[in-house]
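Each remark here refers to the structure printed beneath this line.
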Amino acid sequence: MSTTKELTHSAKTASPSTHATLRVYNTLTKHKEPFRTVEPGKVGIYLCGPTVYDKAHIGHMVGPVIFDCIKRYLVYCGYDVSWIVNITDVDDKLIKKANERNLSMLEVAEENIADYRENLAGLGVNQIDHLPRATECMDDIIAFVEKLIQRGYAYESDGDVYFDVSKDAAYGKLSNRSLESIQGEGGEMADRKRHTADFALWKAAKPGEPSWDSPWKKGRPGWHIECSAMSHKLLGQTFDIHGGGLDLVFPHHENEIAQSECCHGKPMVNYWMHNGLLRADPAAGKIGGRGEREQQAAAVDPEDAVAGKMSRSKGAGGLANLIARQGGDRIRFFLLRTHYRSTVLFSESAIQESATGQETFFRFFKRFERISGESFYTLPAATKRIEGEFDPANDELLQAVHASRNRFLAAMDDDFNTGGAIGELFDLVRTLNKFCDTQQLENTEKRSPTKLKSFRHGTCVLRELTQTLGLFDRPVESSGSPSEDTELVGQLIELLIDLRATARKKKDFTMADTIRNRLGELKITLEDRPGGTEWAKG
RNA sequence: GGCGCCGUAGCCAAGUGGCUAAGGCAGCGGAUUGCAAAUCCGCCAUCCCCGGUUCGAAUCCGGGCGGCGCCUCCA
């Protein structure tokens, strides 16, 4: 098998500070390939962000969430990573929206960019290094177009500029299309183009449209050019990873490659990574796309209220509401349970289901705190893969932890298989829980420093791994807004718990159960543990 | 019509040539508990169908059936 050979080879060529067991699926080659960087130890990532003509929806978050993990994981593996997410803030739809709302294009953009950033933060996406906007890079865009004209790959036509696909022999290589099979956009531009498949690099402005000075007519950039210009400006002529939704492969990314490679005469990107799309329900096609628009009115399954909500979420605050309702951490967890290239069937009931499983982690974190007195969230876990390596020696617990860690890393190394990796996380928690049970760690008298030390070490490993996914970074804010009453409520519950404890001592279980049941009706659960009774809301 | 993806237990979902097919939800049995909750243990799939390659396939090839994406703005 060639796998062994590749691994051996990469171990020799890789920088010692980075891990070369990583394999990445490349849309361009349709294969998983060993990950090699352009520059040793450095990774440049460009992800296509939104066109900000409207509020973000959940589908816009799939890419950012997975790439947030990818960056975290690469950093963990020792790379110096620069991650760009572009914002397209000049576009036909933006102009249309601005006219409808009687606002400037800039105002519409500002509003939706703020919404986008809020939603990113809500899902814990905080690894982005730059969010460049197309309108901030106009000089670079114009220079890029000029160069394409100079090199004979583009032509001006009545103030517009078009890319001449017939000059690019490689055109179609990403989406595997032949020039003949491409219909191209017809319409009003058709007569200004030499080829139907030619696409606009620069569009002359009509009266009243926002425009920028250019060597051609005053106008604005075409849809694809800003990505070529900005990625070049920020990451260079050839960079490591370009990402986006699967729906961008054609024409957007195909056109980006054509522009960039014809302009620079070099490969633009080494790894093209595309995430799968979200679907609202089996009947409704993908979210935010043509399928939704066509079927929106038609088939809304009454069983699945979510489909309806998704459609409505195109309006104000849809995603923000969803995050408020479910919690960003749950949505993130839900998205990461599936491999990033798969289609995810989205529904709130599916989020609920995955959240039920997610509770296992939160319960364990509480248990850890009960036993160790330390918060899981502040554990000094290794932030680098190499630092986290350890020899479990004869420690049975740590041997199991070590094995789990290896399986987790193997999953992540295999094209960022977060779904498989999360499975290992569940295993790891079970191992740790089992240790608590068998060693009776909840019982103060049975604890030994040695056992506690192993337990803490194992839990540090758990934290080390969850950090690479950006999961459980901080305590979940308790649902419901805190009020001044919170303290008093807590004191009252403690009082009831004391009364119940007295009842239990007297074997008055009827009273004890009444207290627990009545509190249960108020959504307050009591759990009796060796160290006393614990209560929780919800 | 062209290009491409997918079909694993009741549901969600890893695994893409070789130990007993991860994990989660739901369910069932047990340990534990005054009873619960939590936790742990056990049970619960031969991988859409047919054929082929191979010592050996869920995993590769061919053919069906079914679902989906792109080809037009889309993360």
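Note that these values count all heavy atoms, side chains included, but never hydrogens, waters or copies made by symmetry. Each chain gets a letter, A, B and so on, in the order the sequences are listed, and its residues count up from 1.
Nucleotide B:G18 is matched to B:C55 when pairs are restricted to Watson-Crick or G-U wobble geometry with both distances under 3.5 angstrom. Across all strands shown, B:C43 is found opposite B:G27 as a Watson-Crick or G-U wobble partner, with both distances under 3.5 Å. Using the Watson-Crick or G-U wobble rule with both distances under 3.5 Å, B:C70 pairs with B:G2. B:U33 makes up no base pair with any nucleotide shown, lacking Watson-Crick or G-U wobble contacts both under 3.5 Å. Base pairing analysis places B:A38 opposite nothing; no Watson-Crick or G-U wobble pair with both distances below 3.5 Å involves it. Nucleotide B:G62 has B:C50 as its partner under the Watson-Crick or G-U criteria, with both atom distances under 3.5 Å.
Remark: the separation of the C1' atoms in B:G34 and B:G29 is 22 Å, to the nearest Å. Between the P atoms of B:A13 and B:C48, the separation comes to 15 Å (whole Å). Nucleotides B:C49 and B:A14, compared at atom C1', are 24 Å apart to the nearest Å. B:C12 sits 14 Å from B:A45 when the C1' atoms are compared, rounded to a whole Å. B:C60 and B:C5 have their P atoms separated by 11 Å, given to the nearest Å. The separation of B:C43 from B:A75, taken at their C1' atoms, amounts to 42 Å, rounded to a whole angstrom. Spacing between B:G42 and B:C25 at atom P, rounded to whole Å, works out to 16 Å. A gap of 35 Å separates the P atoms of B:G18 and B:G2, to the nearest Å.
Aromatic rings of A:H274 and A:H253 (six-membered ring for Trp) have centroids within the 6.0 Å cut-off, being under it.
When heavy atoms are screened at a 4.0 angstrom cut-off, A:G63 is found touching no nucleic acid atom at all.
Taking atom CD of residue A:E424 and atom P of nucleotide B:A22, one finds them 11 Å apart after rounding to whole Å. One can place CZ of A:R279 at 6 Å from P of B:C68, the figure rounded to the nearest angstrom. In this structure, A:E527 atom CD and B:A37 atom P are separated by 10 Å, rounded to whole Å. Here B:G34 presents its P atom at 7 Å from CZ of A:F509, a figure rounded to the nearest Å.
Candidate nucleotides B:C40, B:G24, B:G34 were compared by shortest atom distance to the side chain of A:N433, and B:C40 ranks first. Taking the side chain of A:R516 as heavy atoms from C-beta on, and the options B:G34, B:A75, B:C41, the nearest nucleotide is B:G34.
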Let me have a per-nucleotide readout for nucleotides 3-8 of chain B, 5' to 3', with B, S or -, counting only protein heavy atoms under 4.0 Å. SS----
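If you check residues 406-416 of chain A against RNA chain B, you find no residue with a heavy atom closer than 4.0 Å.
Taking the centre and axis of the six-membered ring of A:F472, the NZ or CZ atom of A:R463 falls outside the cone set by 45° and 6.0 Å. Cation-pi geometry between A:R177 and A:F250 is met: the NZ or CZ atom falls under 6.0 Å from the ring centre, inside 45° of the normal.
Counting heavy atoms from C-beta outward, A:L322 and A:F346 have side chains that approach closer than 4.5 Å.
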